[in-house]
Protein chains: 2
Amino acid sequence: MGRRRPGTPTLEEVAARAGVGRGTVSRVVNNAAGVSDSTRRTVQQAIAELGYVPNLAARSLAGRRADAVALVMTEPDWRLFAEPFFSGIVSSLGDALADTGMQLLLTLVRSDAERRRFLEYARGGRVDGVLLMSVHADDPLPDMLAEARLPTVLLGRRSGDERVSYVDADNAGGARDAVAHLLATGRRAIATITGPLDMYVAQCRLRGYREALASARLAADDSWVAQGDFTEESGQRAMARLLERHPGIDGVLAASDTTAAGALRALRTAGRRVPQDVAVIGFDDFPLAERTEPRLSTVRQPLTEIGRVMVRLLVEELEEPAVAWRHVILRTELVLRDSA
Amino acid sequence: MGRRRPGTPTLEEVAARAGVGRGTVSRVVNNAAGVSDSTRRTVQQAIAELGYVPNLAARSLAGRRADAVALVMTEPDWRLFAEPFFSGIVSSLGDALADTGMQLLLTLVRSDAERRRFLEYARGGRVDGVLLMSVHADDPLPDMLAEARLPTVLLGRRSGDERVSYVDADNAGGARDAVAHLLATGRRAIATITGPLDMYVAQCRLRGYREALASARLAADDSWVAQGDFTEESGQRAMARLLERHPGIDGVLAASDTTAAGALRALRTAGRRVPQDVAVIGFDDFPLAERTEPRLSTVRQPLTEIGRVMVRLLVEELEEPAVAWRHVILRTELVLRDSA
DNA sequence: GTGAAAGCGCTAACAC
DNA sequence: GTGTTAGCGCTTTCAC
């Protein structure tokens, strides 16, 4: 396939027109010091006249940098991609990267073929680093990236002893706080709707739920636990199942605000009054809660902060490659509304 | 920032180890013909032993191609990014690009700064072509790309005389069909919830709605029209407004399935029976309808086909640059369910 | 402060 | 079939 784009002026042509050397033009383009104001202006004018745009492949080859980072979503189920959690993170990453001058590239990896292809892309030097989100416990991609010595930062661990750098929220602590609050308000029949249990984040929250119940000397057998997948629909179904098993439920910890919204729907369908009969607390999916369920209490994850920290860790790895793995666990905050 | 990744073997080293010339290695790597099976194997072994990975910047520089295309979302409101329409299209583009060997890169452009930055990225040759979706009528990006002679394909026109290549659905026709069906089943008080009216797609659907009413000699003054923004929430609010103005509504054409789901919610809250009292038809947002509102009738847009055609048009522009703008309008299909 | 020159790692055209 | 060579357009020393 012929993809050449002819007629694009080069550094050299700019230099010729400005009557200077290529090095000087390069310095001007990159805002480097060591160029007199007058020649800088001359060069800038030549650039403008010719409509010069640097060839990034050449820059990349000479400078050994891509000025881009990839955000990879290894989510075989595209529905999750539609959840507000993703857009919240993406948004915050975009903001955080704005200063660094790096392009944020989102890529979907839904199959082994796509995994291989992306790996080639990244190892080929088209990105300086990789951000990963929504990683399931058995996903090999982080290790593949680490092996290729590509600076990588995960959003969320795959397990308790994750080695790759990551940023995570204090999921167990958040769950504990939420359930402790429900207990403190006199609830005793407290269920939980989890995320996919092959994700560490879901395991942690379940653990937090159990720990809180245990310290109140309450049993927490599996009939009080229903698995969902973070979607609203799954929350609705899970809640319906829980209600069947335990009509007396008076409190619920949900995997996400989206899940919680589904649970609320099921509760109302079942004629239960929320929050009078049942209190529901979800994990923060970002502004969705504000929009559709303003009265929902949540364990707030600092999504904006997560994006900022991910970028910070990645930049650190770029500056000082592969000396260590960096881990940051962000505190969660319980935000109470009418429903609890 | 030092982003060099040292220790990466080069083509030359592979050639040395295999005892062949660089050209031969290049041919093997690119699966080109003209290499004997035995040397091909020798080279492949050397590649494996060294863990060689082609440097894509160098390939790009020498071969004048990026082997990547960008899908740009120029949506200042990230909430829309969470709608299933996006994930449906992205999914289908990913599939369609799988054969071409090109990487799909999603990029968000939410501000002028990001617009400029992306333009630099694309003009710098990091992508071979650009796909654009969710373009508002006043978005200058398509023209900027065209001016830079970058192969570009839009999903949806910006206006009736769009010049840049595009793929679109027959929105006016789809709306007409939907309203005609409502009329045929005896409905007479038919309202519509539109998308953002600064998008041509929304204008077309509104026009289709009006045309269908007009041919039935029915008035369609503005009090029957409420503007939304494709989200469920906006659908709910718009429906509530319409019900206030016209309690007797017996049919609704909604901007999307998502919007329609919101409308249904408002209708039920208002105590209206759906579909007995009111029939609702939305535009296809892909499987969302199947999930949460299986009984919703829709004007089905062939999302998978849209992705496929977008890629086809882009490839055509790559092969044979800038000879023409290509436009494809895909037919819609009215799929009826219980609610209509 | 500025210019010249040496690569960066690859593809593609051309010899053999 | 296979090796050799000339770039692709830039950054980055190193002289001046």
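Bear in mind that the values here come from a model prediction, so they are computed numbers and not experimental data. Per chain, numbering begins at 1; letters A, B, ... match sequence-line order.
- For L11(A) and dA4(C), the CG to C1' distance is 14 Å, given to the nearest whole Å.
- A distance of 7.0 Å separates CZ in R59(A) from CG in D67(A), rounded to the nearest 0.5 Å.
- A salt bridge (Lys or Arg N to Asp or Glu O under 4.0 Å) with R158(B) is found for exactly one of D198(B), D168(B), D143(B), namely D143(B).
- Nearest to the side-chain atoms of R59(A) among the listed nucleotides dC10(D), dG3(C), dT2(D) stands dC10(D).
- The residues D128(A) and R64(A) are annotated as not salt-bridged, no charged nitrogen and carboxylate oxygen being separated by less than 4.0 angstrom.
- When the nucleotides dT11(C), dT2(C), dC8(D) are ranked by their closest atom to the side chain of R64(B), dC8(D) comes out on top.
- Evaluation of the salt bridge (Lys or Arg N to Asp or Glu O under 4.0 Å) test over residues 304-314 of chain A, restricted to residues two or more places apart or in two chains, returns E305(A)-R308(A), R312(A)-E316(A).
- The local environment of CD in E49(A) is crowded, with over 12 non-hydrogen atoms from other residues, nucleotides or ligands closer than 6.0 Å.
- Applying the salt bridge (Lys or Arg N to Asp or Glu O under 4.0 Å) test to every pair with at least one member in residues 22-48 of chain B, sequence neighbours left out, gives these pairs: E12(B)-R22(B).
- To the nearest angstrom, P of dG7(D) lies 17 Å from CG of L61(A).
- Of the listed nucleotides (dT11(C), dC10(D), dC8(C)), dT11(C) has the atom at the smallest distance from the side chain of R22(B).
- Straight-line distance from the CD1 atom of I47(A) to the C1' atom of dG9(D): 14 Å, rounded to whole Å.
- Proximity of S26(A) to the phosphate of dT11(D): a side-chain N or O atom is located under 4.0 Å from OP1 or OP2.
- A heavy atom closer than 4.0 Å to some atom of DNA chain D occurs in R27(B), G34(B), V35(B), S36(B), T39(B), these being the qualifying members of residues 27-46 of chain B.
- Rounded to whole Å, atom C1' of dT4(D) lies 11 Å from atom CD of E12(B).
- Rounded to a whole Å, the CZ atom of R126(A) is 13 Å from the C1' atom of dC10(C).
- Rounded to whole Å, atom C1' of dG9(C) lies 11 Å from atom CG of L56(B).
- One atom, CG of N55(B), and another, P of dC10(C), lie 6 Å apart when rounded to the nearest Å.
- Residue contacts for T10(B): at a heavy-atom cut-off of 4.0 Å it reaches the sugar-phosphate backbone alone, with no base atom in range.
- Within a 6.0 Å sphere centred on CD of Q45(B), other residues, nucleotides and ligands contribute 12 heavy atoms or fewer.
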